[in-house]
Amino acid sequence: MTQSEFAEFLIARRALLQPEEVGLPSGRRRRTPGLRREEVAALAGVSVDYLARLEQGRDTNPSTGVLGALADALRLNEVERHHFGKLAMGMERTSTCPGASEAHDQVTETMQAVLDGLHPTPAFLVGRWLTVLASNAAWRDFAEPLGLLDAEAEGNLAYYVFAHPRAAQYWRDWSGVADLMVSLLRAARSQWPEDGRLGAMIDALHRFPEFVRRWRSHRVVEHRRVTMHLDHPRRGEVEVEVELLTPAADQTMMVWLVDRRRAPARGLRLVNE
């Protein structure tokens with residue numbers, strides 16, 4: 001974790017907040033969007049100079065009380081507060097365990113058996129870069145018509161969402177899915193700041209304006225359980241409930257429950273109802 005990411009978060013979230021949202025008059029047109037630094041400082045009960053030091057990365061040890069006050073001032077929700085706290089803790093981390101930045105992209109036979117055992121429920125496993133490491137036949141059958149297995153996707157969910165020409169066509173709530181991808185990458189970046197491959201992938205995604213806009217805003221969203229809607233080329237309009245499980249530190253299993261309300265999925269369930 002670099003000190004600048006914590007500072008970037010403060011600045012980005014300050015820019016997103018409008019005066020009327022915190023009970024302040026909008027006044028004359030502002031030169032820059034969002035709240036002024038002195039307004040956030042006043043809301044948080046800290047000095048303008050101290051907030052400036054935090055935003056410039058010159059202070060790396062904010063107290064729990066200060067973090068809570070800033071979170072309140074910036075109107076952060078529970079998910080955003082958790083991310084904010086991780087960024088703050090990252091500033092104090094001076095070393096990592098040997099090999100902590102090395103990704104584990106090998107899939108065990110047991111994990112593949114679990115994926116296969118979920119059939120006919122689509123399920124797959126991704127690594128910290130959102131690259132698909134393994135899947136079952138049900139997921140491949142569902143994903144292939146959507147273009148998720150096409151070369152443009154490069155076997156990666158984020159590349160698919162931002163680079164594939166048909167992604168926005170099929171996913172009705174494409175904007176929400178795009179926010180989800182960015183949020184997952186943000187979480188990975190905060191946990192594995194020294195992962196060069198992760199950093200390179202994020203840099204490569206910056207060629208897509210929609211990714212850049214979302215990345216710079218530092219928005220984070222709930223991603224443990226998500227509901228998505230899409231127009232599937234073969235199945236028509238479908239609702240997909242996504243459950244994210246973490247069988248390993250840097251591997252995430254995604255289980256797609258398709259149209260569960262209309263026709264409950266059969267097979268093994270690894271989710272809590």
Side-chain angles (χ1 to χ4, degrees), residues 103 105 107 111-112 114-116 118-189 197-198 200-215 219 221-245 250-263 265 267:
D105 54 6
V107 179
M111 183 52 58
Q112 184 62 62
V114 170
L115 292 172
D116 293 337
L118 282 164
H119 188 85
T121 299
F124 61 106
L125 194 72
V126 296
R128 64 175 69 164
W129 314 298
L130 300 184
T131 298
V132 178
L133 304 177
S135 62
N136 62 14
W139 184 79
R140 292 190 295 274
D141 179 67
F142 188 85
E144 189 275 332
L146 295 170
L148 276 158
L149 306 184
D150 292 354
E152 293 94 332
E154 299 186 23
N156 183 279
L157 298 184
Y159 275 118
Y160 167 77
V161 169
F162 290 101
H164 200 288
R166 289 185 289 169
Q169 172 188 346
Y170 292 146
W171 296 88
R172 290 184 159 198
D173 43 7
W174 181 90
S175 181
V177 175
D179 286 341
L180 173 63
M181 294 299 108
V182 173
S183 186
L184 288 167
L185 289 174
R186 273 283 176 203
R189 178 71 172 270
R197 182 173 169 183
L198 175 62
M201 195 197 78
I202 291 172
D203 288 344
L205 285 167
H206 272 72
R207 70 178 185 267
F208 305 110
E210 284 293 334
F211 178 85
V212 172
R213 183 172 66 83
R214 287 169 166 80
W215 187 259
R219 288 190 182 276
V221 300
E222 172 59 53
H223 52 250
R224 303 313 303 177
R225 173 176 291 183
V226 183
T227 299
M228 302 182 292
H229 301 85
L230 59 128
D231 292 314
H232 196 279
R234 294 180 184 169
R235 304 192 186 194
E237 181 183 344
V238 297
E239 178 182 271
V240 178
E241 294 182 50
V242 183
E243 292 281 349
L244 279 72
L245 309 169
D250 55 0
Q251 293 182 355
T252 300
M253 180 189 295
M254 296 192 181
V255 181
W256 286 11
L257 304 175
V258 181
D259 281 341
R260 181 165 60 160
R261 290 183 177 87
R262 286 189 239 172

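What you see is a predicted model; the values in this text were computed from it and never measured.
- Two residues are said to be in side-chain contact when any heavy atoms from C-beta on lie closer than 4.5 Å; Met201 and Leu205 meet this criterion.
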Inset, instruction - May I have the step-by-step check of side-chain contact (heavy atoms from CB on, under 4.5 Å) for Met181 and Arg214, ending in yes or no? - result: CA-CA 10 Å; Met181 294 299 108; Arg214 287 169 166 80; over 6 Å; no

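- A donor-acceptor pair is defined here as one N or O able to donate and one able to accept, closer than 3.5 Å; no such pair exists between the side chain of Arg213 and the backbone of Glu210.
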Inset, instruction - Before giving the answer on side-chain contact (heavy atoms from CB on, under 4.5 Å), spell out for Val182 and Val221 the whole-Å C-alpha distance, their side-chain angles and the decisive distance to 0.1 Å. - result: CA-CA 9 Å; Val182 173; Val221 300; over 6 Å; no

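- Here the closest non-hydrogen pair linking Leu130 and Ala158 is CD1-CB, 4.2 Å.
- At distances below 3.5 Å, at least one donor-acceptor pair connects side-chain atoms of Arg186 with backbone N or O atoms of Trp215.
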Inset, instruction - Report the C-alpha separation of Val161 and Trp171 in whole Å, then their side-chain angles, then the decisive distance to 0.1 Å, and conclude whether the side-chain contact (heavy atoms from CB on, under 4.5 Å) test is met. - result: CA-CA 9 Å; Val161 169; Trp171 296 88; over 6 Å; no

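- Salt-bridge formation is not detected for the pair Arg235/Asp259: no Lys NZ or Arg NE/NH1/NH2 atom is positioned less than 4.0 Å from an Asp or Glu carboxylate oxygen.
- Across Gly147 and Ala153, no two heavy atoms sit closer than the pair O-CB, 4.0 Å.
- The two residues Val242 and Met254 come nearest to each other via the heavy atoms CG1-CB, 4.4 Å.
- Minimum heavy-atom separation, Glu243 to Leu257: CG-CD1, 4.5 Å.
- A salt bridge between Arg172 and Glu237 is present, with a side-chain N of the basic residue lying under 4.0 Å from a carboxylate O of the acidic one.
- Taking CH2 from Trp174 and CG from Leu230, the interatomic distance works out to 15.0 Å, rounded to the nearest 0.5 Å.
- Separating the CG atom in Asp250 from the CH2 atom in Trp129 is a distance of 8.0 Å, to the nearest 0.5 Å.
- A donor-acceptor pair under 3.5 Å is formed between the side chain of Asn156 and the backbone N or O of Tyr159.
- Smallest separation of non-hydrogen atoms from Thr227 and His229: CG2-CE1, 3.9 Å.
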Inset, instruction - Please assess Trp139 against Leu149 for the test side-chain contact (heavy atoms from CB on, under 4.5 Å), listing each intermediate value before the final yes or no. - result: CA-CA 11 Å; Trp139 184 79; Leu149 306 184; 3.9 Å; yes

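- Ring geometry for Tyr160 versus His164: interplanar angle of 30 to 60°, hence tilted.
- The aromatic ring centres of His232 and Tyr170 sit 6.0 Å or more apart.
- To the nearest 0.5 angstrom, Asp105 atom CG is 9.5 Å from Arg128 atom CZ.
- Here the side chains of Met253 and Met111 are in contact, with some heavy-atom distance below 4.5 Å.
- One finds the CG atom of Asn136 at 8.0 Å from the CD atom of Gln112 (value rounded to the nearest 0.5 Å).
- Between Leu115 and Ser135, the shortest heavy-atom distance links the atoms CD1-N, 3.9 Å.
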